[in-house]
Amino acid sequence: MTALFTSYQLGVLTLPNRVVMAPMTRVRAAAGGLATPSMATYYAQRATAGLIVSEGVQPSVIGQSNPGTPGLHTDEQVEAWRPVTAAVHANGGRIFAQLMHGGRVSHSDTTGMQPVGPSDVRAVGEVFTPTGPQPAPAPRVLDTAEVVEHAHSYARAAGRAVDAGFDGVELHGANGYLISQFLSSNANLRTDRYGGTVANRIRFAVEAVAATVETVGAARTGIRLSPGGGFWGVEETDVVDLYTALLTELARLEVAYVHLEATSDEEVLLTLRRAWPGTLVINPVVPMGPKQTGQDDADHWLGLGADLISFGRAFIANPDLVERLRGKLPIAPADEATYYQGGDAGYLTYSAHQYSG
């Protein structure tokens with residue numbers, strides 16, 4: 001048995017294995033950003049993961065990136081999430097909510113509002129809207145006072161998440177969304193205390209995490225990062241210095257974990273592992289790349305000092321992924337056409353392996 005199937009103590013949570021279900025957008029929420037009974041079934045089916053991290057959940061109306069995604073900024077949304085977390089817990093699982101503010105990666109057709117960002121720099125590419133992909137619009141630049149408000153939106157959503165029964169939250173600081181935009185050297189052209197130097201560009205992330213820790217506690221707070229990732233046109237010209245500085249501040253806050261995507265080469269990631277004294281979750285492959293995480297990737301990174309390994313697409317078609325990995329059973333392929341189409345097809349229609357004996 002490899003280390004992947006040994007238990008791990010994450011704060012007050014005892015994880016039965018080191019497999020993390022990575023956050024994946026599935027656009028199955030009901031109108032008003034409400035979680036649904038199908039979502040409760042979907043997550044409960046995957047409760048044998050050591051930890052589930054939910055799909056990205058918007059912390060505010062203006063924070064919504066994609067149509068069809070759930071929120072955690074109204075009482076109705078909190079109420080809708082309670083059956084989801086209860087179903088996961090009833091099946092013996094643990095679940096964190098990923099809090100995702102899209103920033104400039106959004107559209108007024110989705111939210112009814114002009115997207116916001118650190119600077120007047122458009123994202124590269126087309127964003128999803130209710131009527132299909134459209135060019136990313138120019139964001140409205142947040143003034144200094146507003147930046148503080150948006151940092152605190154994560155903390156407010158975190159409080160609602162815990163009220164809804166989540167075991168904790170993961171701030172989405174990766175993949176070109178709002179926190180990532182502030183970290184960036186080309187999306188963030190500010191000249192106030194949130195831009196320019198490394199110390200200033202990490203400030204938004206640190207304030208968002210600090211406010212969340214104050215609201216729900218460090219043991220319930222994690223963050224996901226994609227060092228050097230080029231999502232939505234984001235660039236970072238000083239990856240090691242930038243993320244070493246950020247991890248140093250996160251260590252002072254004693255957050256539950258840092259979740260790194262393998263968006264830089266191995267040497268950079270190992271440097272960041274040395275800079276981070278706490279629990280490290282590694283996602284070994286680039287999101288939406290040609291490869292999905294497998295057992296060999298997990299063993300490799302556990303051997304290099306990761307504590308937990310997150311699997312994304314492999315969980316879509318394999319609700320019993322942990323059991324398949326443990327038994328060295330085939331990993332079923334997912335139908336990419338159903339990733340975001342809505343409905344239960346390609347969502348609840350994948351079954352567990354038929355075990356004998």
Side-chain angles (χ1 to χ4, degrees), residues 11 56 59-60 63 96-104 116-119 141-159 161 168-229 234 236-261 263-264 271-281:
S60 61
F96 274 36
Q98 190 192 62
L99 304 179
M100 172 182 158
H101 190 312
R104 68 180 187 171
V116 296
S119 300
V141 179
L142 293 167
D143 65 36
T144 303
E146 285 183 295
V147 173
V148 177
E149 170 67 16
H150 283 265
H152 282 258
S153 71
Y154 294 92
R156 289 192 297 274
V169 297
E170 176 182 282
L171 278 64
H172 197 347
N175 297 12
Y177 299 111
L178 187 61
I179 291 174
S180 176
Q181 290 159 33
F182 272 94
L183 294 173
S184 170
S185 49
N186 71 336
N188 181 355
L189 306 178
R190 301 177 74 92
T191 57
D192 64 359
R193 67 177 186 266
Y194 291 100
T197 66
V198 163
N200 283 351
R201 283 188 284 124
I202 69 171
R203 192 182 308 277
F204 180 78
V206 173
E207 289 184 356
V209 173
T212 302
V213 167
E214 184 176 353
T215 301
V216 301
R220 295 181 185 266
T221 304
I223 186 170
R224 193 178 207 210
L225 303 168
S226 54
V234 159
E236 296 161 349
T237 56
D238 40 20
V239 172
V240 172
D241 290 345
L242 179 72
Y243 284 92
T244 298
L246 177 56
L247 293 173
T248 299
E249 293 301 316
L250 296 175
R252 291 192 180 104
L253 294 169
E254 300 181 322
V255 298
Y257 67 80
V258 167
H259 186 176
L260 292 183
E261 298 175 13
T263 43
S264 285
T271 298
L272 299 182
R273 164 74 279 191
R274 291 189 289 271
W276 170 244
T279 296
L280 179 67
V281 185

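Hydrogens, waters and symmetry mates are skipped; everything else that's a heavy atom, side chains included, is used. Numbering of residues begins at 1 and proceeds along the displayed sequence.
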Verdict with supporting geometry, Leu183 and Asn188, side-chain contact (heavy atoms from CB on, under 4.5 Å): CA-CA 7 Å; Leu183 294 173; Asn188 181 355; over 6 Å; no
Chi angles and distances behind the side-chain contact (heavy atoms from CB on, under 4.5 Å) call for Val147, Arg190: CA-CA 12 Å; Val147 173; Arg190 301 177 74 92; 3.7 Å; yes
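Side-chain atoms of Asn175 and Glu261, non-hydrogen and from C-beta on, do get closer than 4.5 Å to each other. With a 4.5 Å cut-off on side-chain heavy atoms, Val258 and Tyr243 do not count as touching.
Residue Leu171 holds its CG atom at 13.0 Å from CZ of Arg224, rounded to the nearest 0.5 Å. Between the OG atom of Ser153 and the CG atom of Leu178 there is a distance of 7.5 Å, given to the nearest 0.5 Å. Interatomic distance, Asp192 CG to Asn200 CG, rounded to the nearest 0.5 Å: 7.5 Å. Here the CD1 atom belonging to Ile202 is positioned 10.5 Å from the CD atom belonging to Glu207, to the nearest 0.5 angstrom. Here the CH2 atom belonging to Trp276 is positioned 7.0 Å from the CG atom belonging to Leu247, to the nearest 0.5 angstrom.
The two residues Ala187 and Val234 have their closest heavy-atom pair at CB-CG2, 4.4 Å. When all heavy atoms are compared, the tightest approach of Ala218 to Val213 is N-CG1, 3.7 Å. Of all the heavy atoms in Ala219 and Ala256, the pair that sits closest is O-CB, 3.4 Å. The minimum heavy-atom distance between Val198 and Ala245, with the atom names listed, is CG1-CB, 3.7 Å.
Counting heavy atoms of neighbouring residues, nucleotides and ligands inside a 6.0 Å radius, atom CD of Glu254 does not exceed 12 of them.
Side chain of Thr221 to main chain of Val255: no donor-acceptor pair is present (N/O by atom type, distance under 3.5 Å, no hydrogens or angles). At least one donor-acceptor pair closer than 3.5 Å links the side chain of Thr212 to the backbone N or O of Ala208. At distances below 3.5 Å, not a single donor-acceptor pair connects side-chain atoms of Thr237 with backbone N or O atoms of Ser185. The backbone N or O of Thr144 lies less than 3.5 Å from no partner atom in the side chain of Arg193, so there is not a single donor-acceptor pair. For the pair Ser264 (side chain) and Pro227 (backbone), a donor-acceptor distance under 3.5 Å is present.
In this structure, Tyr194 and Phe182 have perpendicular ring planes: the angle between them is above 60°, well past the 30° mark.
With respect to the salt-bridge test (charged N to carboxylate O, under 4.0 angstrom), the residues Glu249 and Arg203 do not qualify.
Partner Leu225 forms a side-chain contact (heavy atoms from CB on, under 4.5 Å) with one of Leu260, Leu272, Thr263 and no other, that one being Leu260. For the pairing with His101, the side chain to side chain donor-acceptor pair (under 3.5 Å) check across His150, His172, Gln181 returns one residue only, His150.
One side chain, Thr271 or Arg274, offers a donor N or O that lies under 3.5 Å from an acceptor on the other.
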